[in-house]
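Proteins get letters first, then strands, A, B, ... in listed order; numbering begins at 1 in each.
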Amino acid sequence: MKHVLFIQHCAPYGSESPQEQIDALLVAATFGLRVALLFQDDGVWQLLSQQDGKQLERRTLGAQLQALELYDIHDLYVDAASLDERGLEVAELALPAKVLDEAGLQQLVAGHDLVLRF
Amino acid sequence: MKHVLFIQHCAPYGSESPQEQIDALLVAATFGLRVALLFQDDGVWQLLSQQDGKQLERRTLGAQLQALELYDIHDLYVDAASLDERGLEVAELALPAKVLDEAGLQQLVAGHDLVLRF
Amino acid sequence: MTTTLHIVHKLERGRLPGALRRSFASDDSLLLTGDAVYAALSDRRELPGHCHALGDAVRARGLLPQWPPEIPLIDHGGFVELCVRYDKSLSWG
Amino acid sequence: MTTTLHIVHKLERGRLPGALRRSFASDDSLLLTGDAVYAALSDRRELPGHCHALGDAVRARGLLPQWPPEIPLIDHGGFVELCVRYDKSLSWG
Amino acid sequence: MHMKIALLVTAAPHQENAWQALQFCRAALAGGHEVPRVFFYGDGAVHGNALLLPPQDEAHVTRDWQRLAGEHGIELVVCIAAALKRGVMDADTAQREEKSVANLAPGFVISGLGQLAEVMIEADRLVSFPG
Amino acid sequence: MHMKIALLVTAAPHQENAWQALQFCRAALAGGHEVPRVFFYGDGAVHGNALLLPPQDEAHVTRDWQRLAGEHGIELVVCIAAALKRGVMDADTAQREEKSVANLAPGFVISGLGQLAEVMIEADRLVSFPG
């Protein structure tokens, strides 16, 4: 079974990219691939709670991330430096993502057969 | 006569934005607007000489910028900090753009009736 | 000389774009929209005195609980009023 | 553990993306394409030892005269070979 | 003060700024201002594509522009050069290019950059919504 | 070593990376590799628009993909969800949605994300070209 890492690097709502990555990840999981998700750069903003996409006539991305565990997707990671750059604390995050330093990031990438970041 | 400032902030060839701004500027000039052009952020890369868009099956943006003086467009400016960030020297630029510091930028924006940066 | 409403909808690594900071004059005003509303959390000290944010963009992103009270939230009616009050707008694409 | 060809086509204010630098392992390789080829001028010291650039992107942008000889220019055949040699590629979108 | 406010939309229809442009226009009209023309350029030209079909629970900005423009007499102008690069074509061009179909959405017109220059000259404000 | 190399294109047709994807595919075929499928997702879905008409002195990647795919039996798959958000529609969908025209370019097929998951599983390499 191949291990696939998706890297979310965009904030929610500004563009379609976060939604389209989640869609791809869910289908990949359905096809039997083992999927992991890393939040990096502006992607860390996806982890704030109390999002409400309806304000912009959009689906709520945060709610979809909350639902990942229902699909048995538990491998969630967040880039420590991306949090630091934005003044975000782990305690503010709505999901239990594992915080990675540089060595952790390099191991994560090296430990996967495919990595997608689009 | 209104004075319009166009701000080029993207490198050539990576996207359509530089070409589409030049097209808009030329038409604005034809309609009698007085136009100026500021190169900022990655837009400063547009000022390198010896570009050759044909390598990517594209028009050569640098050649179109060289032609601006034929249209009587002489108000060219470049953001000093953008050059510094990229290690570029004024001597490397293909066009005689006036280098602006912060005060100069603020005066430039304040001195125009319309500013477009898309 | 004219005044400018600077409209920003993207940040650079959580910060206001450097070029925006350099071009911002003391009589100008800043409107945070889109992904730029995160600046109220990540770049709060760099925000100028004249600063507003678009309420729907803030609420969609779940920022209301932590929102700094010194930055007024406006609706699109307020956005239009700002555009009328300042001589021109500059959207930071 | 697998090796990675990192393909980058955009910079952050003239520099390699910080996240790319943090994720780059010692066995990995870097390919500069698109607007990232400017890094050979603006961020030369930060480039790793295993680094190539796509020739057409370099020539289109007029960078050949100043191009640093230690960064080999490759064509698309070379690009394909790199993808085959490394276990996987990571395109920095 | 009653003003003529023109809009320049270069954001693609699915980007947040495209939605904000529409809300801005509604508010400007509600505030007693005139919006003579919205000019769609760059990726904004895709607004003129009649075949856009966003998810049912999300905004459909092209449809909303059509309604708003119809009610208030706003010109929705798509730049022809930007449109052709992005697959938006009116019937005349389709015939000339020997394409069997055209896909310009009703309510939109295709024209040149002169229509942008005109509002630069004539409008009191030009507000732009980039992607 | 002969490999199966699949491509994921999320760059829009007028972006440099879209052109690079095409050149990469040509080189992979010339190098004796197999390219079973190119999956167009995100803004890459616009590749499937039959009405794209870039300036005559610039690349026309949709036309070039059609030729290359025809000669080498490559599947050009456009994600349906991404396509509908960006105004690309095949005849079946157009009929269902009561649109009078469809605009999917010949040589392209519209399908779901399962087609991407399949090449993730089966291809030796998946190379992606983001915008």
Residue by residue, scan residues 24-32 of chain A and write down, ordered by number, those that have a heavy-atom distance under 4.5 Å to chain F; if none do, write 'none'.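 The list, in residue order, reads A24(A), V27(A), A28(A), F31(A).
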
Enumerate by number any residue of residues 42-54 of chain A whose heavy atoms lie under 4.5 Å from heavy atoms of chain F; in the absence of such residues, state 'none'.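 Heavy-atom contacts from residues 42-54 of chain A to chain F are absent.
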
So that I know where these two stand, are Y41(F) and F118(A) an aromatic pair - ring centroids less than 6.0 Å apart?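 Yes, the ring centres sit under 6.0 Å apart.
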
Please identify, among L116(F), L126(F), I121(F), the residue contributing the most non-hydrogen atom pairs under 4.5 Å to chain A.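 Result: the option with the highest number of such pairs is I121(F).
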
Interface residue of largest heavy-atom contact number with chain A, from S128(F), G42(F), P130(F), G114(F), under 4.5 Å: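 The residue among S128(F), G42(F), P130(F), G114(F) with the greatest pair count is G114(F).
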
Separation of R117(A) CZ from T10(F) OG1 (nearest 0.5 Å):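 Reported to 0.5 Å precision, the distance equals 12.0 Å.
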
Which answer fits A11(F), side chain, backbone, both or neither, if we ask what part of it has an atom under 4.5 Å from a heavy atom of chain A?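 No part of A11(F) comes within 4.5 Å of chain A.
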
Could you tell me which non-hydrogen atom of L116(A) sits nearest to which non-hydrogen atom of M120(F), and how far apart they are?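 That would be CD1-CE, 3.2 Å.
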
Counting only heavy atoms not in Q95(F), do more than 12 fall under 6.0 Å of its CD?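 Check fails, neighbour count at 12 or below.
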
Counting neighbours of CZ on R34(A) that are heavy atoms of other residues, nucleotides or ligands and sit closer than 6.0 Å, is the number greater than 12?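 No, CZ of R34(A) has 12 or fewer neighbouring heavy atoms, counting only those of other groups under 6.0 Å.
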
Proximity breakdown for D23(A) and chain F, heavy-atom pairs closer than 4.5 Å: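 Its backbone and side chain both get close to chain F.
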
Tell me whether E20(A) is salt-bridged to R86(F), with the criterion being a basic N under 4.0 Å from an acidic carboxylate O.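 Salt bridge flag = yes for R86(F) with E20(A).
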
